[in-house]
Amino acid sequence: MKQSRAYPGTCADKGTRAKVRTPPRQLTRAAQTRRTALWFVLPAVLFFLLLSAYPLLRVLWQSVRYANLVNPSISGFAGLDNFRTVLDDDDFLPALGNTALWTALSVTGEYALGLISALALNANVRGRAFFRAAIIVPWVIPIVVAGLTWTWMLTPEYGVLNLWLVQAGLIHAPIAWLGQTGTALLAVTLVNIWRSFPFYTISLLAALQAIPADLHEAAVIDGAGSWMRFRVITLPHLRVVSMTLIVIHIVWTAVNFDFIWVMTQGGPLNSSETLPIMIYRYALQNFDVGAGCALATMMMGFMASVFFMQYYGMRRIASSQAGTA
Amino acid sequence: MKLSGLALGVGLLLGGTGLAQAADPVTLHFWVAWDPALPDAKIAQDGIARFEKLHPDIKIDVQDMSFGAMHDKLITAIAGGQPPDVSWGLSEWLGEMDRMGALADLTDAASTWPDRSAIYPSVLAGLTINGRLKALPHYLGIRGLLYHADMLAKAGITTPPTTWQELVDDAPKIHAATGKYAFGVANDSVRAPQELFTLMAQNDVTLAEPRTGGRFRNNWDTDTAQLQRMTEVLTLYQTMLAKGVIAPNATSWGWEEEDNNFALGQYAMVMDGSWMHLHEAQYPDSMRDVQIAPPPKLAHAATYFEINPIYVFKASPHPKEAFEFASYLDSKEYQSLARPTDSPREDVRGTDKWATGFAKLTPIGKTFPPIALGQVSRDMQEAIGRVLLRHQDPATVAAWLGRAINKDLRKSGELAAS
């Protein structure tokens, strides 16, 4: 059959387009799967855009704008003024130091306690199933409930911990653990360690159980002691899960707001104020939203750096392990 | 035919909706900060029920929270354009909320309000900014010296101290006789700046002086005499801690600890308000000997006069009903039941010690200047913390506080050039 040729843009071309309908293009199976997958992904993308991307971009935008709720007369582009406000604040460096101390002590304590308890629960002891279930209790208690309960226990007037410490002769008189500048942050840190270590226990226990038993048996036959087996067999097998746990908890702890807020609100005298508490103070107590967003932006950058360092660190470990194999 | 039937149906539907809307009661959102365990909460709830009965077209939706949470929640709600219609609040927030343009101007509504003449003129003046009435009064939180007479008697003290020096001198006698501390302070809550303000007023120290154009400035950097008097005030805090007048742990007390420990008889004296009578029902034994006296003096007698407000918000879609409800809370009926001891009405005067003891203090009452006090209050609290917890030099802290106040005024756009 001979078809007339229609040149683009000519009348003949337009007529042909009007009359001849091209059949719908058949999608390949792979393309259909891709399209279906896109529909499934769409809600997640929308949620991400709405709940993560938009607020983040909004924070970045507000960090370079004047936005003070109690002084609506000042508005507009602020450049780096909000960042200068934060850096000039006398409380910034102490809060940065508190954040570092709170994070380092918390993560170290949680890891140490989590590892010890995981090793204990991995041993073949009586009542192991009960202890494995019971150890998770602190982690499932809501933070507000745990925080308030510990606050009452630490109160000097009627707190049971002070009573026990006095009765045991460890202190002469009740101490306001949360009311003294020297003890407030440490007290909250201890409570945070108590609350968070079960997560490490569960994760490390799972990794310990994945270590082949014959490795330890062979090492015993070769005369390796328990410390040697722990150092040479156990620890290397825990390396990946440990690194993941530590990095996740560095981020979680550094940005933690609720525990400190419930127990001390950053006090007394800002002695337990960390950067997230400071962000809250800027935005929701001083109502300087611009400065709050500037500090949040700085913190976001720092946290993203930690994440990328962990990501590339893990890749290096993975590639070095592949090379060794 | 079909078309006209459809139109009729739509018309009926819309008309019906209109009728239904007209019959629907107006709901006013009312934020409060009462303690459900105390009797005044029950009295207030009964009062609201009576108002709803009297006004079947108005329903009150009550939301209860702490004063601390209320402030932050109010500010964010105002910024988000969703404040309640009416709210409890503290007098320290008046200037802040006025600057945000959040408060309804009640001047015109109040001009025809029959109960206006029953309210103390000075109270209404305290809620007026630039000639416009910006809130109605709720109660008068004037502060007096509350003391456990039995504890003082055990120490051989027959009359309460009239000066701070006397109080400091009495402290060892009280401790020796009862094993209890002489005085209580609240250094970790909104109460702390109120107590500090009383001492500042007694020593002629002004927080922020008014200038032209509704602006303010703290003068301590140029007025060295005033800075010296502020230093004396902060030194008094250090003296009370050093000499064991207050408990060492009192440095971290909030108002709850201050009130409850006094009500339980854990210490002898406190500067507090007439709401303490509410603890009589809870702790009848330890509250039985409580008496009221004027606060001890520094240079002269003065006390903090809190004109606690009821805020009506400009964004309310029902301004008429909101004023109706707010003014009901100032009615003789409601005030007689809910606020017999600290009413802002001249015709509601209790006869018990709580009412008469505090009423006598009205002439020496002083109020905060109408500035945005949010951050200023926190700085005053920090100043107390610096001298008590960090043991910093009071003169250095006083100078720091003066600078901090001016910095806060600059941020809120209220700082005068000089």
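What you see is a predicted model, and the numbers here were worked out from it, not measured in a lab. A note on names: the letters A, B, ... follow the listed sequences, proteins ahead of strands, and every chain is numbered from 1. Just the heavy atoms: all of them, side chains too, but no hydrogens, waters or symmetry mates, feed the values below.
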**OP:** Drop me the distance from B:Q375's CD to A:F287's CZ, to the nearest 0.5 angstrom.
**Re:** 10.0 Å

Subject >> Nearest-0.5 Å distance, CD of residue B:E382 to CG of residue A:D91 >> reply: 6.0 Å

**OP:** Verify the neighbour count for atom CG of A:D88: are there more than 12 heavy atoms of other residues, nucleotides or ligands below 6.0 Å?
**Re:** yes

Subject >> Nearest atoms (heavy-atom pairs only) where B:S252 meets A:A176 >> reply: OG-CB, 3.8 Å

Subject >> Option that, when pairs with chain B are counted at under 4.5 Å, heavy atom only, ranks first among A:N286, A:L284, A:T181 >> reply: A:N286

Original post:
Is a side-chain donor or acceptor of B:R390 paired with a backbone partner of A:L269 at a separation under 3.5 angstrom?
Top reply: yes

Original post:
Stepwise, does the side-chain contact (heavy atoms from CB on, under 4.5 Å) test hold for A:Y280 with B:D72?
Top reply: CA-CA 11 Å; A:Y280 180 86; B:D72 298 354; 3.3 Å; yes

Subject >> Selection from B:N249, B:I78, B:N187, B:T251 maximising heavy-atom pairs under 4.5 Å formed with chain A >> reply: B:N249

Original post:
When you look at CD of B:Q82, are more than 12 heavy atoms from neighbouring residues, nucleotides or ligands closer to it than 6.0 Å?
Top reply: no

**OP:** Could you have a look at B:E414, B:Q381, B:R99 and say which one has the most heavy-atom pairs with chain A under 4.5 angstrom?
**Re:** B:R99

Subject >> Enclosure of B:W400 CH2 (heavy-atom neighbours >12, cutoff 6.0 Å) >> reply: yes

Subject >> Under 4.5 Å from a heavy atom of chain A, the part of B:N261 involved >> reply: side chain

**OP:** Can you tell which part of A:Y158 gets under 4.5 Å to a heavy atom of chain B, answering side chain, backbone, both or neither?
**Re:** neither

**OP:** Nearest 0.5 Å please: distance from the CG atom of A:N68 over to the CE atom of B:M100.
**Re:** 9.0 Å

Original post:
Which bit of B:R378 is near chain A, if near means a heavy-atom gap under 4.5 Å: side chain, backbone, both or neither?
Top reply: side chain

**OP:** Flag yes if more than 12 heavy atoms outside A:F302 fall under 6.0 Å of its CZ atom; otherwise flag no.
**Re:** no

**OP:** Check the pair B:I75, A:Q285 against side-chain contact (heavy atoms from CB on, under 4.5 Å), reporting the backbone distance first and the verdict last.
**Re:** CA-CA 9 Å; B:I75 298 291; A:Q285 288 196 321; over 6 Å; no

